[in-house]
Number of protein chains: 2
Amino acid sequence: MPSGKLLEEKGIKVTQARKEILEILETCTQPVSYENIKESISMDKATFYRNISKFEESNLINAIESHDKKRYFELKRKPHAHFTCRVCNQVECIKSGIYVTLQNYDIENVIIQGICPSCKLTNRLP
Amino acid sequence: MPSGKLLEEKGIKVTQARKEILEILETCTQPVSYENIKESISMDKATFYRNISKFEESNLINAIESHDKKRYFELKRKPHAHFTCRVCNQVECIKSGIYVTLQNYDIENVIIQGICPSCKLTNRLP
DNA sequence: AATTATATGCGACTTAGTCGCAAAAAAGGA
DNA sequence: TCCTTTTTTGCGACTAAGTCGCATATAATT
(Lines give C-alpha, C1' and ligand atoms only; values in the text may rest on other atoms or scores of the structure.)
Protein backbone atom coordinates (compact mmCIF):
# COMPACT_ATOMS: atom_id res chain seq x y z
CA MET A 1 0.00 0.00 0.00
CA PRO A 2 1.46 3.39 -1.02
CA SER A 3 2.29 5.38 2.07
CA GLY A 4 0.42 8.46 0.84
CA LYS A 5 -2.78 6.45 0.74
CA LEU A 6 -2.27 5.15 4.29
CA LEU A 7 -1.96 8.72 5.53
CA GLU A 8 -4.99 10.01 3.65
CA GLU A 9 -7.11 7.23 5.05
CA LYS A 10 -6.24 8.33 8.55
CA GLY A 11 -6.78 11.99 7.76
CA ILE A 12 -3.11 12.85 8.23
CA LYS A 13 -1.64 15.40 5.91
CA VAL A 14 0.83 13.90 3.46
CA THR A 15 4.32 15.34 3.78
CA GLN A 16 7.73 14.27 2.58
CA ALA A 17 8.86 13.38 6.09
CA ARG A 18 5.81 11.25 6.82
CA LYS A 19 6.05 9.38 3.55
CA GLU A 20 9.72 8.68 4.22
CA ILE A 21 9.05 7.18 7.62
CA LEU A 22 6.21 5.00 6.41
CA GLU A 23 8.14 3.80 3.37
CA ILE A 24 10.94 2.63 5.59
CA LEU A 25 8.61 0.94 8.03
CA GLU A 26 6.97 -0.84 5.12
CA THR A 27 10.25 -2.45 4.09
CA CYS A 28 11.21 -3.53 7.61
CA THR A 29 10.44 -7.04 8.76
CA GLN A 30 11.31 -6.21 12.36
CA PRO A 31 10.68 -3.12 14.48
CA VAL A 32 13.33 -0.39 14.14
CA SER A 33 14.51 2.45 16.34
CA TYR A 34 15.30 6.02 15.36
CA GLU A 35 18.96 5.13 15.72
CA ASN A 36 18.53 2.23 13.29
CA ILE A 37 17.18 4.35 10.47
CA LYS A 38 18.41 7.87 11.07
CA GLU A 39 20.94 7.58 8.25
CA SER A 40 18.15 6.66 5.86
CA ILE A 41 15.89 9.60 6.61
CA SER A 42 16.43 13.26 5.92
CA MET A 43 14.35 14.85 8.64
CA ASP A 44 15.26 16.17 12.05
CA LYS A 45 15.00 14.02 15.17
CA ALA A 46 12.17 16.16 16.56
CA THR A 47 10.21 15.85 13.34
CA PHE A 48 10.70 12.11 13.33
CA TYR A 49 9.38 11.71 16.86
CA ARG A 50 6.52 14.15 16.36
CA ASN A 51 5.37 12.20 13.36
CA ILE A 52 5.82 8.93 15.20
CA SER A 53 3.52 10.28 17.92
CA LYS A 54 0.97 11.22 15.34
CA PHE A 55 1.13 7.76 13.79
CA GLU A 56 0.65 6.20 17.19
CA GLU A 57 -2.41 8.32 17.91
CA SER A 58 -3.86 7.23 14.60
CA ASN A 59 -3.12 3.62 15.33
CA LEU A 60 -0.88 3.28 12.32
CA ILE A 61 2.13 2.00 14.17
CA ASN A 62 3.18 0.13 17.23
CA ALA A 63 6.09 0.88 19.55
CA ILE A 64 8.01 -1.62 21.64
CA GLU A 65 10.70 -0.62 24.08
CA SER A 66 13.73 -2.84 24.46
CA HIS A 67 16.25 -3.17 27.28
CA ASP A 68 18.41 -0.41 25.79
CA LYS A 69 15.61 2.07 26.61
CA LYS A 70 15.07 2.78 22.95
CA ARG A 71 11.70 2.49 21.30
CA TYR A 72 11.32 0.30 18.25
CA PHE A 73 8.59 1.01 15.73
CA GLU A 74 6.65 -1.10 13.28
CA LEU A 75 3.60 -0.72 11.08
CA LYS A 76 0.51 -2.15 12.66
CA ARG A 77 -0.45 -5.16 10.63
CA LYS A 78 -1.70 -8.40 12.12
CA PRO A 79 -1.50 -8.34 15.92
CA HIS A 80 1.34 -10.43 17.33
CA ALA A 81 3.57 -10.70 20.34
CA HIS A 82 7.18 -9.44 20.50
CA PHE A 83 10.34 -10.80 21.96
CA THR A 84 13.06 -8.46 23.24
CA CYS A 85 16.53 -9.86 23.83
CA ARG A 86 18.22 -8.41 26.88
CA VAL A 87 21.64 -9.18 25.36
CA CYS A 88 21.46 -7.80 21.81
CA ASN A 89 18.37 -5.63 22.44
CA GLN A 90 16.79 -6.65 19.16
CA VAL A 91 13.04 -6.75 19.00
CA GLU A 92 11.57 -9.70 17.18
CA CYS A 93 8.05 -10.32 16.01
CA ILE A 94 6.62 -13.58 17.27
CA LYS A 95 4.07 -14.77 14.78
CA SER A 96 3.46 -18.14 16.37
CA GLY A 97 0.34 -18.57 18.40
CA ILE A 98 0.58 -16.72 21.66
CA TYR A 99 -2.83 -15.73 22.85
CA VAL A 100 -3.37 -13.96 26.11
CA THR A 101 -6.67 -12.85 27.51
CA LEU A 102 -7.43 -11.16 30.80
CA GLN A 103 -10.98 -10.52 31.93
CA ASN A 104 -11.73 -6.78 32.12
CA TYR A 105 -8.36 -5.66 30.79
CA ASP A 106 -7.70 -4.12 27.38
CA ILE A 107 -4.66 -5.89 26.07
CA GLU A 108 -2.68 -3.91 23.53
CA ASN A 109 0.67 -5.65 23.47
CA VAL A 110 2.40 -8.75 24.74
CA ILE A 111 6.13 -8.57 25.23
CA ILE A 112 8.30 -11.52 26.05
CA GLN A 113 11.73 -10.73 27.46
CA GLY A 114 14.77 -12.92 27.69
CA ILE A 115 17.67 -14.13 25.58
CA CYS A 116 17.28 -14.88 21.89
CA PRO A 117 18.54 -18.11 20.29
CA SER A 118 21.44 -16.39 18.58
CA CYS A 119 22.80 -14.78 21.75
CA LYS A 120 22.20 -18.01 23.63
CA LEU A 121 24.20 -20.12 21.20
CA THR A 122 27.13 -17.77 21.02
CA ASN A 123 27.07 -17.14 24.75
CA ARG A 124 27.07 -13.41 24.33
CA LEU A 125 26.89 -11.45 27.54
CA PRO A 126 24.68 -8.43 28.27
CA MET B 1 12.47 -14.46 55.67
CA PRO B 2 14.65 -11.86 57.40
CA SER B 3 16.36 -9.70 54.83
CA GLY B 4 19.80 -10.22 56.36
CA LYS B 5 19.51 -13.93 55.73
CA LEU B 6 18.51 -13.42 52.09
CA LEU B 7 21.64 -11.37 51.54
CA GLU B 8 23.98 -13.79 53.27
CA GLU B 9 22.65 -16.65 51.16
CA LYS B 10 23.60 -14.79 48.04
CA GLY B 11 26.98 -13.77 49.39
CA ILE B 12 26.10 -10.10 49.49
CA LYS B 13 27.43 -8.11 52.37
CA VAL B 14 24.70 -7.00 54.76
CA THR B 15 24.40 -3.23 55.08
CA GLN B 16 21.74 -0.92 56.43
CA ALA B 17 20.81 0.31 52.99
CA ARG B 18 20.42 -3.18 51.57
CA LYS B 19 18.30 -4.37 54.45
CA GLU B 20 16.06 -1.35 54.08
CA ILE B 21 15.43 -1.98 50.41
CA LEU B 22 14.68 -5.65 50.90
CA GLU B 23 12.41 -5.02 53.87
CA ILE B 24 10.32 -2.67 51.81
CA LEU B 25 10.16 -5.04 48.87
CA GLU B 26 9.04 -7.77 51.23
CA THR B 27 6.03 -5.77 52.31
CA CYS B 28 4.99 -4.77 48.78
CA THR B 29 2.38 -6.79 46.96
CA GLN B 30 3.08 -5.01 43.68
CA PRO B 31 6.31 -3.84 42.07
CA VAL B 32 7.46 -0.37 43.17
CA SER B 33 9.66 2.31 41.65
CA TYR B 34 12.34 4.39 43.32
CA GLU B 35 9.91 7.30 43.20
CA ASN B 36 7.29 5.22 45.03
CA ILE B 37 9.48 4.45 48.00
CA LYS B 38 12.07 7.19 48.19
CA GLU B 39 10.34 8.78 51.18
CA SER B 40 10.57 5.48 53.04
CA ILE B 41 14.27 4.93 52.56
CA SER B 42 17.18 6.89 53.93
CA MET B 43 19.83 6.24 51.35
CA ASP B 44 20.93 8.23 48.35
CA LYS B 45 19.48 7.62 44.90
CA ALA B 46 22.82 6.32 43.60
CA THR B 47 23.12 3.87 46.47
CA PHE B 48 19.61 2.66 45.87
CA TYR B 49 20.24 1.95 42.21
CA ARG B 50 23.65 0.41 42.81
CA ASN B 51 22.13 -2.01 45.27
CA ILE B 52 19.25 -2.71 42.95
CA SER B 53 21.78 -3.65 40.27
CA LYS B 54 23.51 -5.94 42.69
CA PHE B 55 20.23 -7.61 43.61
CA GLU B 56 19.45 -8.11 39.96
CA GLU B 57 22.79 -9.74 39.30
CA SER B 58 22.14 -12.10 42.19
CA ASN B 59 18.70 -12.89 40.90
CA LEU B 60 17.05 -11.60 44.05
CA ILE B 61 14.74 -9.18 42.34
CA ASN B 62 12.94 -8.53 39.12
CA ALA B 63 12.49 -5.22 37.29
CA ILE B 64 9.63 -4.25 35.03
CA GLU B 65 9.52 -1.01 33.13
CA SER B 66 6.21 0.74 32.68
CA HIS B 67 5.06 3.32 30.15
CA ASP B 68 6.32 6.15 32.32
CA LYS B 69 9.90 4.95 31.65
CA LYS B 70 10.38 4.12 35.29
CA ARG B 71 11.51 0.74 36.48
CA TYR B 72 9.42 -1.11 39.05
CA PHE B 73 11.05 -3.65 41.33
CA GLU B 74 9.83 -6.73 43.15
CA LEU B 75 11.33 -9.62 45.03
CA LYS B 76 11.68 -12.69 42.89
CA ARG B 77 9.23 -15.22 44.27
CA LYS B 78 7.12 -17.47 42.09
CA PRO B 79 7.48 -16.61 38.40
CA HIS B 80 4.49 -14.78 36.99
CA ALA B 81 3.54 -12.37 34.24
CA HIS B 82 3.00 -8.64 34.69
CA PHE B 83 0.49 -6.17 33.37
CA THR B 84 1.43 -2.53 32.82
CA CYS B 85 -1.33 0.03 32.37
CA ARG B 86 -0.51 2.68 29.83
CA VAL B 87 -2.92 5.08 31.56
CA CYS B 88 -2.00 4.91 35.25
CA ASN B 89 1.40 3.25 34.70
CA GLN B 90 0.87 0.82 37.55
CA VAL B 91 2.51 -2.55 37.29
CA GLU B 92 0.38 -5.46 38.39
CA CYS B 93 1.34 -9.05 39.03
CA ILE B 94 -0.74 -11.51 37.07
CA LYS B 95 -0.88 -14.71 39.01
CA SER B 96 -3.41 -16.45 36.82
CA GLY B 97 -2.13 -19.02 34.39
CA ILE B 98 -0.27 -17.41 31.58
CA TYR B 99 2.31 -19.78 30.21
CA VAL B 100 4.46 -18.91 27.27
CA THR B 101 7.12 -21.08 25.74
CA LEU B 102 9.33 -20.42 22.74
CA GLN B 103 11.64 -23.06 21.38
CA ASN B 104 15.31 -22.08 21.77
CA TYR B 105 14.60 -18.84 23.63
CA ASP B 106 15.28 -18.18 27.29
CA ILE B 107 12.16 -16.51 28.60
CA GLU B 108 12.73 -14.34 31.64
CA ASN B 109 9.64 -12.16 31.75
CA VAL B 110 6.26 -11.78 30.14
CA ILE B 111 4.75 -8.32 30.11
CA ILE B 112 1.25 -7.56 29.02
CA GLN B 113 0.52 -3.96 28.15
CA GLY B 114 -2.80 -2.20 27.88
CA ILE B 115 -5.42 -0.55 30.04
CA CYS B 116 -6.30 -1.86 33.48
CA PRO B 117 -9.89 -2.46 34.62
CA SER B 118 -9.91 0.54 36.92
CA CYS B 119 -8.77 3.02 34.25
CA LYS B 120 -11.13 1.41 31.76
CA LEU B 121 -14.17 1.80 33.98
CA THR B 122 -13.47 5.38 34.91
CA ASN B 123 -12.50 6.28 31.36
CA ARG B 124 -9.25 7.83 32.43
CA LEU B 125 -7.09 9.10 29.61
CA PRO B 126 -3.35 8.63 29.20
C1' DA C 1 -1.94 37.20 -3.71
C1' DA C 2 -3.07 37.40 1.08
C1' DT C 3 -4.44 34.86 5.19
C1' DT C 4 -4.62 31.08 8.04
C1' DA C 5 -3.22 26.62 9.62
C1' DT C 6 0.04 23.02 9.88
C1' DA C 7 4.80 21.04 9.66
C1' DT C 8 9.71 21.43 10.13
C1' DG C 9 14.55 22.51 11.97
C1' DC C 10 17.23 24.01 15.53
C1' DG C 11 18.78 24.30 20.05
C1' DA C 12 17.64 24.03 24.71
C1' DC C 13 15.52 21.15 27.95
C1' DT C 14 13.80 16.93 30.73
C1' DT C 15 14.44 12.98 33.60
C1' DA C 16 15.34 8.17 35.22
C1' DG C 17 19.22 6.31 35.91
C1' DT C 18 24.69 6.18 36.02
C1' DC C 19 29.52 7.47 37.14
C1' DG C 20 33.77 9.38 39.45
C1' DC C 21 35.62 10.46 43.45
C1' DA C 22 36.46 11.26 48.21
C1' DA C 23 34.74 10.08 52.75
C1' DA C 24 32.87 6.41 55.69
C1' DA C 25 32.16 1.93 57.17
C1' DA C 26 33.37 -3.07 57.47
C1' DA C 27 36.69 -6.91 57.39
C1' DG C 28 41.04 -9.00 58.34
C1' DG C 29 45.13 -9.27 60.33
C1' DA C 30 49.20 -8.56 63.69
C1' DT D 1 43.41 -2.20 69.91
C1' DC D 2 45.45 -0.10 66.03
C1' DC D 3 46.73 -0.37 61.16
C1' DT D 4 45.80 -1.80 56.36
C1' DT D 5 42.80 -3.22 52.71
C1' DT D 6 38.35 -3.71 50.63
C1' DT D 7 33.70 -2.46 50.00
C1' DT D 8 29.95 0.81 50.38
C1' DT D 9 27.99 5.33 50.56
C1' DG D 10 26.83 10.37 49.49
C1' DC D 11 27.34 14.01 46.59
C1' DG D 12 27.38 16.34 42.40
C1' DA D 13 28.11 16.03 37.67
C1' DC D 14 26.82 13.49 33.78
C1' DT D 15 24.14 10.60 30.04
C1' DA D 16 20.98 9.92 26.35
C1' DA D 17 16.39 9.02 24.30
C1' DG D 18 12.98 11.70 23.71
C1' DT D 19 10.36 16.42 24.13
C1' DC D 20 9.42 21.43 23.81
C1' DG D 21 9.43 26.46 22.35
C1' DC D 22 9.89 29.24 18.84
C1' DA D 23 10.93 31.10 14.40
C1' DT D 24 10.74 29.73 9.63
C1' DA D 25 8.83 27.12 5.87
C1' DT D 26 5.34 24.75 3.54
C1' DA D 27 0.52 23.75 2.44
C1' DA D 28 -4.45 24.73 2.29
C1' DT D 29 -8.21 28.21 1.94
C1' DT D 30 -10.41 32.47 0.75
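Just so we're on the same page: letters track the sequence lines, and every chain starts at 1. Because the structure is predicted, anything quoted here is derived from the model rather than measured. Values below: all heavy atoms of this structure, side chains included; hydrogens, waters and symmetry mates excluded.
Within the 4.5 Å cutoff, side-chain heavy atoms of A:L60 are placed close to those of A:I12.
Between the side chains of A:S42 and A:E20, at least one donor N or O sits under 3.5 Å from an acceptor N or O. A donor-acceptor contact closer than 3.5 angstrom links the side chains of A:E92 and B:Y105.
In this structure, the nucleotide among D:dT7, D:dT9, C:dA7 sitting nearest to the side chain of B:N51 is D:dT9. Listed nucleotides: D:dT9, C:dA7, C:dA26. Nearest to the side chain of B:K13: C:dA26.
B:R71 has a carboxylate O that lies under 4.0 Å from a charged side-chain N of B:E56, or vice versa, which qualifies the two as a salt bridge.
Rounded to an integer number of Å, the gap from B:I21 CD1 to D:dT8 P is 12 Å. If you take NZ of B:K19 and C1' of C:dA26, they are 13 Å apart, rounded to a whole angstrom. Whole-Å rounding puts the B:I52 CD1 to C:dA16 C1' distance at 13 Å. Per the geometry, CZ belonging to B:R18 stands 12 Å off P belonging to C:dA26, to the nearest Å. What separates NE2 of A:H67 from P of C:dG17 is a distance of 15 Å, to the nearest Å. Regarding B:E20, its CD atom lies at a distance of 10 Å from the P atom of D:dT9, rounded to whole Å. Distance B:I12 CD1 to C:dA25 C1': 18 Å, rounded to the nearest Å. To the nearest angstrom, P of C:dG17 lies 11 Å from NZ of B:K38.
Listed by chain and number, the residues in a salt bridge (Lys or Arg N to Asp or Glu O under 4.0 Å) with B:E65 are A:K69 (sequence neighbours excluded). B:D44 pairs by the salt bridge (Lys or Arg N to Asp or Glu O under 4.0 Å) definition with nothing, not counting sequence neighbours.
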Identify each donor-acceptor pair in which a side-chain atom of residues 77-86 of chain B lies under 3.5 Å from a protein atom, sequence neighbours left out, and give them as a table.
{"residue": "B:R77", "atom": "NH2", "partner": "B:C28", "partner atom": "O", "Å": "3.3"}
{"residue": "B:H80", "atom": "ND1", "partner": "B:K78", "partner atom": "O", "Å": "2.7"}
{"residue": "B:H80", "atom": "NE2", "partner": "B:E74", "partner atom": "OE1", "Å": "3.4"}
{"residue": "B:H80", "atom": "NE2", "partner": "B:H82", "partner atom": "NE2", "Å": "3.1"}
{"residue": "B:H82", "atom": "NE2", "partner": "B:E74", "partner atom": "OE1", "Å": "3.1"}
{"residue": "B:H82", "atom": "NE2", "partner": "B:E74", "partner atom": "OE2", "Å": "2.9"}
{"residue": "B:T84", "atom": "OG1", "partner": "B:H67", "partner atom": "NE2", "Å": "3.0"}
{"residue": "B:R86", "atom": "NH1", "partner": "A:E108", "partner atom": "OE1", "Å": "2.9"}
{"residue": "B:R86", "atom": "NH1", "partner": "A:E108", "partner atom": "OE2", "Å": "2.4"}

Please set out all donor-acceptor pairs under 3.5 angstrom arising from side-chain atoms of residues 113-120 of chain B, sequence neighbours excluded.
{"residue": "B:S118", "atom": "OG", "partner": "B:R124", "partner atom": "NH2", "Å": "2.6"}
{"residue": "B:K120", "atom": "NZ", "partner": "A:D106", "partner atom": "OD1", "Å": "3.1"}

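A close approach under 4.0 Å does occur between a side-chain nitrogen or oxygen of A:T15 and OP1 or OP2 of C:dT8.
Aromatic ring orientation, A:F48 versus A:Y34: tilted (interplanar angle from 30° to 60°).
Across residues 84-93 of chain A, not one residue has a non-hydrogen atom less than 4.0 Å from an atom of DNA chain C.
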5' to 3', nucleotides 11-20 of chain D under a 4.0 Å protein heavy-atom cut-off (B base, S sugar-phosphate only, - none) gives B-----SBBB
